[in-house]
Amino acid sequence: MAGADEAGRGSLAGPLVAAAVLFDYERLTLREVRSLTRLDDSKVHDVETRETLYPLVIKAAVHVSITSRCVRGIDERGLHKTNLAALSDCLGRVAVPGCICLVDGFRVPDCGHEQQAVIDGDARSAAIAASSVLAKVTRDRYMLRMAEELPGWHFHTNVGYSTPEHRAAIQEHGISDLHRRSFQSIAYQQLAIEGGASS
């Protein structure tokens, strides 16, 4: 069973990171099964739990693929198209003949293997949840490094998502090279409204 998920789709800044894992459930040891029982949508876990699960997923999976799509690529190709291609690429790298590829919520471009969209997949499929954890941890680690280079936008706490402090930082400093310019975010629209109201 292969699963794929992404992190960063709804953020204002930073890359989109997709991941896929292949589990062979018949080959998992009892210890590995137990270590993965806490898997769930990465958003319901705190940072420490995700960091604990990350190496357990890597160890238990037969194959793992993680890919990052940069901000400029997202701006050029569009967020949805970029997301679908990244998920499909990851699945294509981990899938083997006879496996089923699961994706959270929707189908992706053909990756050469049977595919199923699973609603709320990151809460219903261990393979999707595992991919969610890998993508989220990978992306968060990158954003923490970028917080040191771009301290004005508080990426160490918001990792690029639209929070009150992030929006306030954008209002104060504008957008950085790490911000998406094509993303029609309600946060950007709200800032424009607020800026217009104050001028």
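Counting begins at 1 with the first residue of the sequence.
The shortest side-chain heavy-atom distance between Val62 and Val96 does not fall under the 4.5 Å cut-off. Contact annotation: the side chain of Leu134 approaches that of Ile58 to within less than 4.5 Å [non-hydrogen atoms, C-beta and beyond]. Taking the side chain as every heavy atom from C-beta outward, Arg93 and Cys111 never approach each other to under 4.5 Å. Two residues are said to be in side-chain contact when any heavy atoms from C-beta on lie closer than 4.5 Å; Asp140 and Arg50 meet this criterion. Inter-residue side-chain proximity for Met143 and Leu178 is flagged as met; some heavy-atom pair is nearer than 4.5 Å. Side-chain contact check for Val57 versus Leu36: some heavy-atom pair is nearer than 4.5 Å.
Atom CG of Leu91 is separated from atom CG of Leu22 by 10.0 Å, given to the nearest 0.5 angstrom. In this structure, CD on Glu6 lies 8.5 Å from CG on Leu79, to the nearest 0.5 angstrom. Note that NZ of Lys59 is 8.0 Å distant from OG of Ser35, once rounded to the nearest 0.5 Å. Distance check: Phe23 CZ to Ser131 OG gives 7.5 Å after rounding to the nearest 0.5 Å. Considering CD of Glu149 and CG of Asp177, their distance stands at 10.5 Å, rounded to 0.5 Å. Here Thr37 contributes atom OG1 and Leu53 contributes atom CG; the two are 9.0 Å apart, rounded to the nearest 0.5 Å.
Cluster annotation: Tyr54 is connected to Val33 through the hydrophobic network of ILVMFWY side chains, with a link wherever side-chain heavy atoms come within less than 4.5 Å. Linking Ile, Leu, Val, Met, Phe, Trp and Tyr whenever their side-chain heavy atoms come within less than 4.5 Å puts Ile100 and Leu39 in one cluster. Val133 is connected to Leu102 through a chain of hydrophobic side-chain contacts under 4.5 Å among Ile, Leu, Val, Met, Phe, Trp and Tyr, so both are in one cluster. Two different hydrophobic clusters hold Leu87 and Ile128 under the rule that ILVMFWY side chains link at heavy-atom gaps under 4.5 Å. Connection of Leu28 to Val21 is established within a shared hydrophobic cluster, with ILVMFWY side chains joined at heavy-atom distances below 4.5 Å, either directly or through further cluster members.
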His154 and Thr163: CA distance, side-chain angles, deciding distance, side chain to side chain contact (heavy atoms under 4.5 Å, CB included) verdict: CA-CA 10 Å; His154 310 288; Thr163 64; over 6 Å; no
Val64 vs Val94, side chain to side chain contact (heavy atoms under 4.5 Å, CB included): CA-CA, chis, key distance, verdict: CA-CA 6 Å; Val64 170; Val94 302; 5.5 Å; no
Audit row: Glu51, Val47, side chain to side chain contact (heavy atoms under 4.5 Å, CB included) steps and yes/no: CA-CA 6 Å; Glu51 287 285 353; Val47 173; 4.3 Å; yes
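Using modelled atom types, no side-chain atom of Arg181 and backbone atom of Ile175 make a donor-acceptor pair closer than 3.5 Å. Checking side-chain atoms of His166 against main-chain N and O of Tyr161 turns up a donor-acceptor pair under 3.5 Å. A donor-acceptor pair is defined here as one N or O able to donate and one able to accept, closer than 3.5 Å; no such pair exists between the side chain of Thr138 and the backbone of Ala135. Between the side chain of Ser88 and the backbone N or O of Val108, no donor-acceptor pair lies under 3.5 Å. Of the possible polar contacts, one joining the Thr52 side chain to the Glu48 backbone as a donor-acceptor pair under 3.5 Å is found. The main-chain N or O of Arg38 is found under 3.5 Å from a side-chain atom of His45 such that the two form a donor-acceptor pair. With Arg124 contributing its side chain and Ile119 its backbone, the two residues share a donor-acceptor pair below 3.5 Å.
Scanning all heavy atoms of the two residues, the minimum distance from Ser162 to Arg167 falls at OG-NH1, 2.9 Å. Heavy-atom minimum distance, Ala19 versus Ile66: CB-CG1, 4.0 Å. Residues Val71 and Arg180 come closest through the heavy atom pair CG1-CA, 3.7 Å. Closest heavy-atom contact between Tyr25 and Ala126: OH-CB, 3.8 Å. Looking at every heavy atom in both residues, Ala127 comes nearest to Gly3 through CB-N, 3.6 Å. Summarising the geometry of Ser68 relative to Val17, their closest heavy-atom pair is OG-CG2, 4.1 Å, with the distance given to 0.1 Å.
Within 6.0 Å of atom NE2 in His173, more than 12 heavy atoms from other residues, nucleotides or ligands are found, so the atom counts as buried in its surroundings. Other residues, nucleotides and ligands place no more than 12 heavy atoms under 6.0 Å from the CZ atom of Arg31. The 12-atom threshold is not exceeded at CZ of Arg34, counting heavy atoms of other residues, nucleotides or ligands nearer than 6.0 Å.
Below 30°, between 30° and 60°, or above 60°: for Trp153 and Phe155 the angle between ring planes is below 30°, a parallel geometry.
Legend: residues meeting side-chain hydrogen bond (donor to acceptor under 3.5 Å, both in side chains) with Arg69, ordered by chain and number and at least two apart, are Thr67, Asp89.
Listed by first then second residue, pairs satisfying side chain to side chain donor-acceptor pair (under 3.5 Å) with a partner in residues 102-121 number zero, not counting sequence neighbours.
In summary, the side chains of Asp75 and Ser182 do present a donor paired with an acceptor at a separation below 3.5 Å, with no hydrogens or angles considered.
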